[in-house]
Structure formats: structure tokens, C-alpha cells
K.L.:
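This is the structure I want to talk about, given as C-alpha cells.
Chain identifiers are assigned alphabetically (A, B, ...) following the order of the sequence lines, protein sequences preceding nucleic acid strands; residue numbering begins at 1 within each chain.
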2 protein chains.
Amino acid sequence: MEFKQTVQRLAALAQENRLTVFRLLVQAGPDGLAAGRIAEALGLAPATLSFHLKELTHAGLVQARQEGRFIFYSADFAAMNDLIATLTENCCGGEPCLPVCDNTCKE
Amino acid sequence: MEFKQTVQRLAALAQENRLTVFRLLVQAGPDGLAAGRIAEALGLAPATLSFHLKELTHAGLVQARQEGRFIFYSADFAAMNDLIATLTENCCGGEPCLPVCDNTCKE
DNA sequence: TCCATATTTCCATAATCATGGAAACGACGT
DNA sequence: ACGTCGTTTCCATGATTATGGAAATATGGA
């Protein structure tokens, strides 16, 4: 993953409201959630949420699809995996990162 | 890992100069590097680097130790592993995150 | 003690970011 | 075509962040 994109994705997640949105979308699964539902869950003004969703989509971490009058946003799991893989490399200098794998890869 | 700390650590890494510093420190290994060497490597003004190092140490991602006249900074691998583990959980909803593990945990 | 070196703190400045009201846009039902 | 609902864009505002010059602090050597 490219350096600038890594920074952009980190920045997209490095904000309380956006990280909350992303977690919500991960929980929601591949179908995602309509913007309105997200705004409701976080108690944000429509304009504010729209700003954050743009930030996340711009970074490639979430995807938008129109469905009727609604716009559904969903987490891009592959993009998140790319990010985590990049961080793991940077963290471990290319070596396997045992503690992380012990926690997440068992069984 | 706590939510706010996660945001703080993401924010610490979500800046080109700081991510570069962190990667440099990961490369440098447990001994780390003196602040001056880092400034030299990045071509930053001392005050600017000091600001970024404070940001990283405050987030708990790097550690500082005095050695003679120098201050050596080193990556805190455990903290980075915590961060990655937290992101992996958020990314995969608690499920194992196969693509990441395939890339990083083999052999 | 005095000087040189390494690093930080203080401060001001410019740039970027977060927020939400109001207006615009787009899709649907009538 | 009209009204409504969901969402975005436009815009202004306040807050936070990044940058580096200059002064302060700390360490070690002469």
C-alpha cells in the first residue's frame, strides 16, 4: 500500500466520530447502513455526518451505494485488511508479528 | 484498548512525518535512534521534530531514554501490536481476519 | 566555571479540520 | 408537475495542528 494512502486511511480513522461510524459499519456487515441510520446512531447533524462519510469513502475505507432514496454505506473490509497488513509490516519490520497473530488467527 | 487511546494512536501515525519517524524507529530496532539522527534523516527543524516526537511518545507508541547528551527514541512494539489487534477486531467484528493472517503469519 | 552540543519549550503564524445552518439536489409517490 | 424525504453541497465559524525561529534547559568535556 502506498505511503500517502496509508496516511490518508489512518487519518480517516483517527477521529472519534469517524472511527465510531466505521465500527458501526463493520458491525452492520456487508449490507451496511443508510446515512440516516448512522446519523441517528451518532446524533450528528446531517452535514457533519456527510463530511465524515466523504472522508471515509475518499480514503477508500467505506463504499456507498444508492438504494431507492437512501444511500447505504458499508465498510470495505479488503481496504481495512490492506491497512492492517501495511501496519503489521511497519510494526514488525517484515517479520511475523507473533502477538497479533496469536490473538487473531487461532482456530 | 480504550477507544480514545485508539484514536490518539491512529492520529499519532496519521501524519507523514510522524509515520516516517515511526517506520524509521521500527527499522532501527529496540535501541532506537537519537533525536538528532532522526531530524537529520527527515530534514526537519529541531522544534518540529520535537513536536512530532512528543506526539508519538504521548500516544505511547515510542519511548525515550536519555543516554549521555543524547535522547534516544525507540518504537514501542507492544503498543503497536495492541493497536493492530484492536483494529483487527474492529475490522473483522471479532472474527479471524483471514487475509491479514495469510499475509503475515505464514511460516 | 565556561563552552559547545543536543534537545526542548515558548511563541507566532499559516494551514487544515470539524461543525452545523441553510439551500440545493435527487428520488419517490401522488 | 408537486410535495416530501433523504442526503449532499455551500458557506461561515471556531478549534486544532504543523511549522520553525529564538530562547531556555540539560549534559558532558576542557
Side-chain angles (χ1 to χ4, degrees), chain A residues 3-25 28 31-76, chain B residues 3-25 28 31-76:
Chain A
F3 179 73
K4 295 215 179 197
Q5 194 175 34
T6 303
V7 172
Q8 190 185 18
R9 289 188 181 175
L10 287 169
L13 295 174
Q15 206 275 344
E16 293 199 14
N17 285 326
R18 285 197 296 268
L19 186 55
T20 303
V21 167
F22 188 77
R23 295 218 277 196
L24 206 58
L25 292 179
D31 291 349
L33 287 173
R37 302 286 292 195
I38 305 172
E40 195 183 338
L42 299 227
L44 290 180
T48 304
L49 178 68
S50 199
F51 165 75
H52 289 307
L53 287 172
K54 192 170 65 178
E55 213 75 357
L56 285 165
T57 49
H58 215 113
L61 287 167
V62 317
Q63 285 174 334
R65 74 174 194 283
Q66 187 118 17
E67 195 149 314
R69 279 192 284 197
F70 303 86
I71 298 179
F72 279 75
Y73 286 88
S74 55
D76 187 325
Chain B
F3 179 73
K4 295 216 179 195
Q5 193 175 35
T6 303
V7 172
Q8 189 185 17
R9 288 188 181 175
L10 287 169
L13 295 174
Q15 207 276 344
E16 293 198 14
N17 285 326
R18 285 197 296 267
L19 186 56
T20 302
V21 167
F22 187 77
R23 295 218 275 197
L24 205 59
L25 292 180
D31 291 349
L33 286 173
R37 302 288 290 193
I38 305 173
E40 194 184 338
L42 300 223
L44 290 180
T48 303
L49 178 68
S50 198
F51 165 77
H52 289 308
L53 287 172
K54 192 170 64 177
E55 213 75 358
L56 285 165
T57 50
H58 216 111
L61 286 167
V62 317
Q63 286 175 332
R65 76 174 193 283
Q66 186 119 19
E67 194 148 315
R69 280 193 286 195
F70 304 86
I71 298 179
F72 279 76
Y73 286 88
S74 54
D76 186 325

K.L.:
Looking at Arg18(A) and Ala12(A), would you say the former's side chain and the latter's main chain have a donor-acceptor pair under 3.5 Å?
P.N.:
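Indeed, once roles are kept as given, a pair shorter than 3.5 Å links the two residues.
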K.L.:
Atom NE2 of His58(A) to atom P of dA18(C): distance rounded to whole Å?
P.N.:
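In whole Å, dA18(C) P lies 14 Å from His58(A) NE2.
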K.L.:
Check whether Arg65(B) reaches the backbone of Phe72(B) with its side chain - one donor and one acceptor, N or O, closer than 3.5 Å.
P.N.:
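No: the side chain of Arg65(B) does not pair with the backbone of Phe72(B).
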K.L.:
Write down the distance between CG (Leu44(B)) and C1' (dA6(C)), rounded to a whole number of angstrom.
P.N.:
16 Å
K.L.:
For Ser50(A) and Pro46(A), indicate whether the former's side chain and the latter's backbone hold a donor-acceptor pair under 3.5 Å.
P.N.:
no
K.L.:
Would you please confirm or rule out a distance under 4.0 Å between OP1 or OP2 of dC17(C) and any side-chain N or O of His52(A)?
P.N.:
no
K.L.:
Nearest whole angstrom, please: distance from the P of dT8(C) to the CD of Gln66(B).
P.N.:
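Distance, rounded to whole Å: 9 Å.
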K.L.:
For the side chain of Tyr73(A), starting at C-beta, report the closest nucleotide among dT7(D), dA18(C), dT8(C).
P.N.:
dT7(D)
K.L.:
Can you check the Phe70(A) CZ to dC5(D) C1' distance for me, whole Å?
P.N.:
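About 8 Å, once rounded to whole Å.
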K.L.:
Counting only side-chain N and O atoms of Gln15(A), is one of them less than 4.0 Å from OP1 or OP2 of dT19(C)?
P.N.:
yes
K.L.:
Select one nucleotide: of dT8(D), dG28(D), dG20(C), the one nearest the side-chain heavy atoms of Arg69(B).
P.N.:
dG28(D)
K.L.:
Would you give the length of the straight line joining atom CG of Leu61(B) to atom CG of Leu19(B), rounded to the nearest 0.5 angstrom?
P.N.:
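Nearest 0.5 Å value for the CG-CG distance: 10.5 Å.
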K.L.:
In whole Å, what is the span from the CG atom of Leu53(A) to the P atom of dA18(C)?
P.N.:
13 Å
K.L.:
Could you pick out which residue, Gly68(A) or Ala14(A), lies toward the 5' side of DNA chain C when each is mapped onto its nearest nucleotide?
P.N.:
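The answer here is Ala14(A).
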K.L.:
dT17(D) P sits how many Å from Glu55(B) CD, rounded?
P.N.:
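Those two atoms, CD and P, are 7 Å apart.
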K.L.:
From C-beta outward on Ile71(A), which listed nucleotide comes closest to its side chain: dT8(C), dA18(D), dT8(D)?
P.N.:
dT8(D)
K.L.:
Using heavy atoms to find the nearest nucleotide of DNA chain C for Gly36(B) and Ala45(A) separately, return the residue whose nucleotide is more 5′.
P.N.:
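So the residue in question is Gly36(B).
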K.L.:
Kindly point out which of dC28(C), dT19(C), dT8(C) is positioned nearest to the side chain of Ser50(B)?
P.N.:
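Out of dC28(C), dT19(C), dT8(C), the nucleotide with an atom closest to Ser50(B)'s side chain is dT8(C).
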K.L.:
According to a strict under-4.0 Å criterion, is Thr48(A) in side-chain N/O contact with OP1 or OP2 of dA18(C)?
P.N.:
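Thr48(A) to dA18(C) OP1/OP2: no side-chain N or O under 4.0 Å.
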K.L.:
Whole angstroms only, please: what is the CG-P distance between Leu42(A) and dA18(C)?
P.N.:
14 Å
K.L.:
Within the 4.0 Å heavy-atom criterion, would you say Ala39(A) contacts the bases, only the backbone, or no part of the nucleic acid?
P.N.:
nothing
K.L.:
Remember a base hit wins even if backbone is also touched, and classify Ala35(A) as base, sugar-phosphate or nothing at under 4.0 Å, heavy atoms.
P.N.:
sugar-phosphate
K.L.:
Looking at side-chain heavy atoms only, is the closest gap between Leu25(B) and Ile38(B) below 4.5 Å?
P.N.:
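They are in contact (side-chain heavy atoms under 4.5 Å apart), so the answer is yes.
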K.L.:
Given dA18(D), is OP1 or OP2 found less than 4.0 Å from the side-chain N or O atoms of Arg18(B)?
P.N.:
yes
K.L.:
Could you state the atom-to-atom distance from CZ of Phe51(B) to P of dT9(C) in whole Å?
P.N.:
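Interatomic distance, CZ of Phe51(B) to P of dT9(C): 12 Å.
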